[in-house]
Protein chains: 4
Amino acid sequence: MEKKKQIIECAMKLLIKNGPQAAPMSAISKEAGVGMGTIYNYFVTKEDLINQIYVFIKSDQVKNIQHPLSHLPIKHQFDIYYESLIQYFVDNPLYFQYLDQFHNAPVLTEKTRKHGNKSMSFINDLLICGQEQGLIKPIGVKEMIQFLNGGLMSFVRWIHYKNIQLNRMLITNQLQIAWDAVKINV
Amino acid sequence: MEKKKQIIECAMKLLIKNGPQAAPMSAISKEAGVGMGTIYNYFVTKEDLINQIYVFIKSDQVKNIQHPLSHLPIKHQFDIYYESLIQYFVDNPLYFQYLDQFHNAPVLTEKTRKHGNKSMSFINDLLICGQEQGLIKPIGVKEMIQFLNGGLMSFVRWIHYKNIQLNRMLITNQLQIAWDAVKINV
Amino acid sequence: MEKKKQIIECAMKLLIKNGPQAAPMSAISKEAGVGMGTIYNYFVTKEDLINQIYVFIKSDQVKNIQHPLSHLPIKHQFDIYYESLIQYFVDNPLYFQYLDQFHNAPVLTEKTRKHGNKSMSFINDLLICGQEQGLIKPIGVKEMIQFLNGGLMSFVRWIHYKNIQLNRMLITNQLQIAWDAVKINV
Amino acid sequence: MEKKKQIIECAMKLLIKNGPQAAPMSAISKEAGVGMGTIYNYFVTKEDLINQIYVFIKSDQVKNIQHPLSHLPIKHQFDIYYESLIQYFVDNPLYFQYLDQFHNAPVLTEKTRKHGNKSMSFINDLLICGQEQGLIKPIGVKEMIQFLNGGLMSFVRWIHYKNIQLNRMLITNQLQIAWDAVKINV
DNA sequence: AATGAATGAGACTTCATTCAT
DNA sequence: GATGAATGAAGTCTCATTCAT
């Protein structure tokens, strides 16, 4: 499976850098140091490759995000989870950019997208729990998640794009902004 | 310039629907009811076309967003501006989807991106003004704008994607979330 | 007829510089400062234009080459004619290059080629006359003309290509070479 | 390399017959019995193909022209070399026509032209040697080579164009003309 | 007579995919 | 399983020519 991993990593790099229409399979095979045919042993088509990369990243993300224990205070859980998400995407620029670029692409199949949504379940449950405790705004959880996620991704994009060094203050501020957005204001 | 407008509108539609690699110039010319060569009279390359469409939308956006008078209370200005932004993108699904799909695409040139950033100047000034009045969090304005914008776009995407009818409550809630995110909490 | 002349001169320039496949009619019209349609008022097609330029040059050549009086000694006539030919092609680089580049092109019609051959009649007669006087080799006149013409054109090409300044010695040498080639050696 | 050879031969044929602008790559691939993409595995662009064909012919020419031993009398060497050149171009009409048609075309790169000039070195040395022996005119060798080459090519062109059968007399006459042109006349 | 925007056939070139080795 | 030369459909773009003004 060594080759498959190589292909995924190199394909990812080229797809991000040049865009899908400017990342030919031949270039990917060259970058990965394998024959063109080898790619087709692991991926049925180029679209399949693009989809599998997406799934690969999403799986890695789920594996590496901290899902705090549920007995902790909501705010505490929120901070741990949210910070680990920021940290993950800042630490893995390629993964971030890939998700950011292909999230809305028509190439992604419904199945792939479904798989991607799994990563949302924790924050979904957390917000609901928070509402029950009277901490979180009593409005549609979906709307809030959309907003938070969009805001987060946009922040990380800014970090990468401007080549900014992530530090404690930036994180603290983001946690504050995000929490204030959804918490009930007294 | 009748033809140019036609081409822009039709190209936009196809580029969104199929993605850039699946929207051949021949299809665009057919959809626009002009000869293929005509497109190339107005746009040097396909990439130029994609860039010019982006600029076109951004210009239209700036023209159509309400920029409230600066003597009004900050919160009031914020609400007016932010609501008109939501309304604009909900009312113009094509424009929204186009921006959403191409915002990060490598085809966009630096110049195009620069042009796009002009639309940010109002909210930038507004937040600074709010900070001076002790209403807005004393943290980097850029970070807050990124967050707000990302959240907003993500919300509108959800509206369109799930085919939800925008109503007063949804707007009110978004304004609340957005404002809470950046205001100073007592 | 001012415009027609302009078109011919400018078309010639571009056709030589870029080759026929890289000299679009649009570029020619621009260079000539006339509308595209205007070209088509004077020339039925691009091929017609190329042919007419050829004929134009050939006519100019015949008009400007010295045809010495027939009572002069053969050698004298030969020198006068040959030198004036060299001089003409050195003085008119564009005309030379055009003939040189299109002489064998399949675009030239039989009629155009016929017209071009008229310029050969003088040297043809001269060589025959020389043969009768026992001065010129008693071999096919056509072969000798081919050789002389090819040699001459090749010499002029060298002059232009290497950017050499034509001087008396170069001319004298060429006359010598050319004459020695066809004269009877004792 | 079987395919590359096929492509070269077939492309040559079509380029001569129709001219470069009327010999589409699709027609060449069809004639050569290969896929269009195959051509582009060996030749970067159509221009590259045209250049490589030129180089191919020039190499073949050098390989097949007799370069007589240097201890032979100059005149003898001259005759052997010159006759073998005539014979080569008469025996290989396609090669001749190709060189004749593209020798001055703007598509040929400087590098290609350089390569082509290698074939001149033998005659260059021979004439210099002849000058040292007091046999050849003491004028610029380059000029004489230009003249001889131009004359030769022009003669062969005539042979092909008029469909004349080459025979001993025609050759003898050409050798005479050529030699007389450059030798010192007593 | 002059113009030049519009046309669309057709050119060059790319690249996802196959398959014989 | 690995390879990469070969394929050819399909894409982008050009440009000779027309025609309404």
Side-chain angles (χ1 to χ4, degrees), chain A residues 1-4 7 20-30 32-50, chain B residues 1-4 6-7 20-30 32-49, chain C residues 1-4 7 20-30 32-50, chain D residues 1-4 6-7 20-30 32-49:
Chain A
M1 286 309 97
E2 197 44 49
K3 301 235 174 212
K4 187 170 182 181
I7 294 167
Q21 86 287 145
M25 293 299 261
S26 57
I28 292 171
S29 83
K30 206 170 173 183
V34 302
M36 294 235 313
T38 307
I39 298 180
Y40 284 87
N41 283 340
Y42 296 107
F43 307 95
V44 183
T45 63
K46 190 180 184 181
E47 300 206 348
D48 181 40
L49 171 60
I50 293 175
Chain B
M1 288 310 98
E2 196 44 51
K3 302 240 173 207
K4 189 170 183 181
Q6 272 169 62
I7 294 167
Q21 85 289 142
M25 294 300 259
S26 56
I28 292 172
S29 82
K30 206 167 177 183
V34 302
M36 290 229 326
T38 305
I39 299 180
Y40 285 89
N41 282 344
Y42 295 106
F43 308 94
V44 181
T45 60
K46 190 179 184 181
E47 298 205 350
D48 182 41
L49 172 59
Chain C
M1 286 307 100
E2 197 45 50
K3 301 237 173 209
K4 186 171 183 179
I7 294 167
Q21 85 285 147
M25 294 298 261
S26 58
I28 293 171
S29 83
K30 206 169 172 184
V34 303
M36 295 237 313
T38 306
I39 299 181
Y40 284 87
N41 283 339
Y42 295 108
F43 307 95
V44 182
T45 62
K46 190 180 184 181
E47 299 207 347
D48 181 39
L49 172 60
I50 293 175
Chain D
M1 288 310 100
E2 195 45 49
K3 303 241 170 205
K4 188 171 183 180
Q6 275 169 60
I7 294 167
Q21 86 287 142
M25 294 300 258
S26 56
I28 293 172
S29 82
K30 207 168 175 182
V34 302
M36 291 229 324
T38 305
I39 299 180
Y40 285 89
N41 282 344
Y42 295 107
F43 309 94
V44 181
T45 60
K46 189 179 185 182
E47 298 205 350
D48 182 41
L49 172 60

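Each chain gets a letter, A, B and so on, in the order its sequence line appears, and its residues count up from 1. This one's a predicted model, so the numbers in the text were calculated from it and none came from an experiment.
- Contact annotation: C:N41 side-chain N/O to E:dA1 OP1/OP2 distance is not under 4.0 Å.
- For B:E47, the side chain to side chain contact (heavy atoms under 4.5 Å, CB included) partners at least two apart in sequence or on another chain are B:T45, B:V107.
- Here E:dA2 presents its C1' atom at 9 Å from OH of C:Y42, a figure rounded to the nearest Å.
- In this model, the phosphate group of F:dA6 is not approached by any side-chain N or O of D:K4 to a distance below 4.0 Å at OP1 or OP2.
- Partners of C:F43 according to the side chain to side chain contact (heavy atoms under 4.5 Å, CB included) rule, which considers only residues two or more places apart in sequence or in another chain, are C:K4, C:I7, C:I8, C:I39, C:D48, C:L49, C:Q52.
- By the side-chain hydrogen bond (donor to acceptor under 3.5 Å, both in side chains) test, B:K46 is found to be paired with no residue, residues two or more places apart in sequence or in another chain being considered.
- At the heavy-atom level, B:F43 lies nowhere under 4.0 Å from the strands shown.
- The separation between D:I7 atom CD1 and E:dC12 atom P is 15 Å, rounded to whole Å.
- Put simply, CD on C:E2 is 15 Å from C1' on E:dA1, counting in whole angstrom units.
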Any protein N or O atoms within reach of nucleotides 17-19 of chain F? Criterion: under 3.5 Å, listing atom names and distances.
| unit_1 | atom_1 | unit_2 | atom_2 | d |
| --- | --- | --- | --- | --- |
| F:dT17 | OP2 | C:Y40 | OH | 3.2 |
| F:dT17 | OP2 | C:K46 | N | 2.9 |

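- Here A:A22 pairs with A:N18 under the side chain to side chain contact (heavy atoms under 4.5 Å, CB included) rule; sequence neighbours left out.
- When the nearest nucleotides of DNA chain F are assigned to A:I39 and C:P24 by heavy-atom distance, the more 5′-ward of the two goes with A:I39.
- Between the C1' atom of E:dT13 and the CG atom of D:L49 lies a distance of 13 Å, rounded to the nearest Å.
- For D:S29 against D:S26, the heavy-atom pair with the smallest separation is OG-O, 3.0 Å.
- Taking only side-chain nitrogens and oxygens, C:K30 never comes nearer than 4.0 Å to OP1 or OP2 of F:dC15.
- When distances run from any side-chain atom of B:K3 to the nucleotides F:dT12, E:dC12, E:dT7, the shortest one goes to E:dT7.
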Each base of DNA chain F marked ( ) or [ ] if paired in-strand (Watson-Crick or G-U under 3.5 Å), | if paired to another strand and . if unpaired gives .||||||||||||||||||||
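- Each of B:P20 and A:G35 lies near DNA chain F, and the nucleotide nearest A:G35 is the one positioned closer to the 5' end.
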